[in-house]
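Reading through the structure tokens given below for one structure.
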There are 2 protein chains.
Amino acid sequence: MSVEIKTRQLEIITAAGEILSESGISGLTTKKLAAKMGFAESALYRHFKSKENIIITMLNYLAADMDKRFAACLVNVDGTELQLKELFNNQFEFFKKNPHFLVTIFSDGLLEESKNINTAIREIMAVKKKYLLPIIKQGQKERTFTTDLSAEELAHIIMGSLRLQMLQWRMSDYAFDVKLKGNKLMTGIITLIKS
Amino acid sequence: MSVEIKTRQLEIITAAGEILSESGISGLTTKKLAAKMGFAESALYRHFKSKENIIITMLNYLAADMDKRFAACLVNVDGTELQLKELFNNQFEFFKKNPHFLVTIFSDGLLEESKNINTAIREIMAVKKKYLLPIIKQGQKERTFTTDLSAEELAHIIMGSLRLQMLQWRMSDYAFDVKLKGNKLMTGIITLIKS
DNA sequence: TTTTAGTTTGTGAATGTTCACTAACAAACA
DNA sequence: TGTTTGTTAGTGAACATTCACAAACTAAAA
């Protein structure tokens, strides 16, 4: 699944992420990307075989990175409630530091651009579910979380709420502290779903 | 705010909505749009002064239409819980019939395309809040809904959950019955937020 | 230590395609 | 007769991508 990635490639997909959040998908052109990198358009093709390939590499990198981050932040955290909080705290911290990689959250804006991009987007959502669902199921088994709703429904509500939080952060031009407001919302949600 | 719209213009923005959900924003070209309409590209400019103007007219139309729908569906519905259900049932029904107008929900994919488009997107979100918030506040006053979270937070959770529902519907290629699944999720959410 | 050969990473110029949009003109219809 | 709504044929600009070429570095051979 994961891939080795050269430093120059990482620089390029970072720049691509920045352009994406500045100007949307239609604004992501080879010209702009090369300009941001400080070299000619043709040089991009030394590192990627196509523009689509740049986007896909970016999405795959982000999926793999998120997977690693989630796995790392859960070791030595006990209790489903704390795990839930830690998972999202980690996410908020990451995006606070790397707002241009919010594409991970808003990747659906890229939907229908190409078959391969769609697949990469699905992979990102799958990683999120992979970590969230087991925690909720465990919490339900321990009677920490309500069983009035299925684990899938609870996961859905959590993911949906936090996606919207990120969207509002972006639409506000990153005007508030996502980590603060995000964790506050998460605390609220946990209040709701506690049995 | 609202605008009179000619029938031909409505046909065009409908076609634009279809292309948008089939091929994303990069797929929405004057060529494709004209082809779907069955006439030459140049004819588009008889009805709109630019492509950006088509998108903005579409977003404005959808905002105005949603406003009308919401207002209409709330008359003669008593009780905040029922109002909440009716509001979203109406939304599900609309999108079941007009899936190509899901742009309303995923308009954030168009973010950063242009200043004017951004404004139109904000207007859509404002309409949603305009109807949702008062119902929740009223419900809290009546002690129907929990006051553990602010009305804004509750509205946020509801909107976020249902946005994600719509996204999954779209990603599944409209494979399930949104109205059924959406109303079920809404019932679950109401269970959660009842005090 | 210098020479040489190979690889990596860049350049500038050019490719054909697609883009949004315009102009001159014509049929339909009021 | 004038307005509406369409046509065909174009416009230049922007697009992703390719090509022949050249520095710069790497490392082994002389």
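Chain letters run A, B, ... following the sequence lines, proteins first and then strands; every chain starts at 1. The structure presented is a predicted model; accordingly, all values stated were derived computationally and were not measured.
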Nucleotide D/dT5, atom P - distance to CD1 of B/I12 in whole Å: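 Atom-to-atom, B/I12 to D/dT5, this comes out as 10 Å.
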Nearest-Å distance for atom pair CD1/P, residues A/I19 and D/dC15: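 Whole-Å distance recorded here is 11 Å.
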B/K6 and B/H47, any side-chain heavy atoms less than 4.5 Å apart: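 Not touching, per the 4.5 Å side-chain cut-off.
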Salt bridge (charged side-chain N to carboxylate O under 4.0 Å, His left out): pairs with one or both residues in residues 98-120 of chain A, sequence neighbours excluded: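 Matches after skipping sequence neighbours: A/D108-A/R163.
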Residues within residues 25-43 of chain A bordering DNA chain D, heavy-atom distance below 4.0 Å: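 When residues 25-43 of chain A is checked for heavy atoms under 4.0 Å from DNA chain D, the hits, listed by number, are A/L28, A/T29, A/T30, A/K31, A/E41, A/S42.
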Close residues, residues 48-59 of chain A, relative to DNA chain D [heavy-atom separation under 4.0 Å]: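 Contacting residues: A/S50, A/K51.
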Set of residues satisfying side chain to side chain donor-acceptor pair (under 3.5 Å) with respect to B/D177, sequence neighbours excluded: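 In terms of side chain to side chain donor-acceptor pair (under 3.5 Å), with neighbours along the sequence ignored, B/D177 is linked to B/K96.
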Closest approach of A/K129 to A/M159 (non-hydrogen atoms, all atoms of both residues):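 Heavy atoms of A/K129 and A/M159 come nearest at CG-SD, 4.2 Å.
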Donor-acceptor contact present, side-chain B/K51 to main-chain B/L28, <3.5 Å: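 A pair under 3.5 Å: yes.
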Range on DNA chain C touched by chain B, heavy atoms, distance below 4.0 Å: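 Nucleotide range in contact with chain B: C/dC19 to C/dC25.
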A/E52-A/S114 side chain donor-acceptor pair, cut-off 3.5 Å: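 On atom types as modelled, these side chains qualify, holding a pair under 3.5 Å.
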Exercise: do A/R143 and A/T147 side chains pair donor with acceptor under 3.5 Å: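 A/T147 and A/R143 do have a side-chain donor-acceptor pair below 3.5 Å.
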For B/F48, all residues meeting ring-ring contact (aromatic ring centres under 6.0 Å, His included), sequence neighbours excluded: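 Partners of B/F48 under the ring-ring contact (aromatic ring centres under 6.0 Å, His included) test: none.
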Carboxylate-amine/guanidinium contact B/K32 B/E22, below 4.0 Å: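 Salt bridge between B/K32 and B/E22, a charged N being under 4.0 Å from a carboxylate O: no.
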Within 45° cone of A/F176 ring axis and under 6.0 Å: A/K181 NZ or CZ: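 Judged by the rule (NZ or CZ under 6.0 Å from the ring centre, within 45° of its axis), A/K181 counts as positioned above A/F176.
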Residue-phosphate contact under 4.0 Å: B/H47 side-chain N/O, D/dG6 OP1/OP2: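 Yes, because at least one side-chain N or O of B/H47 sits under 4.0 Å from OP1 or OP2 of D/dG6.
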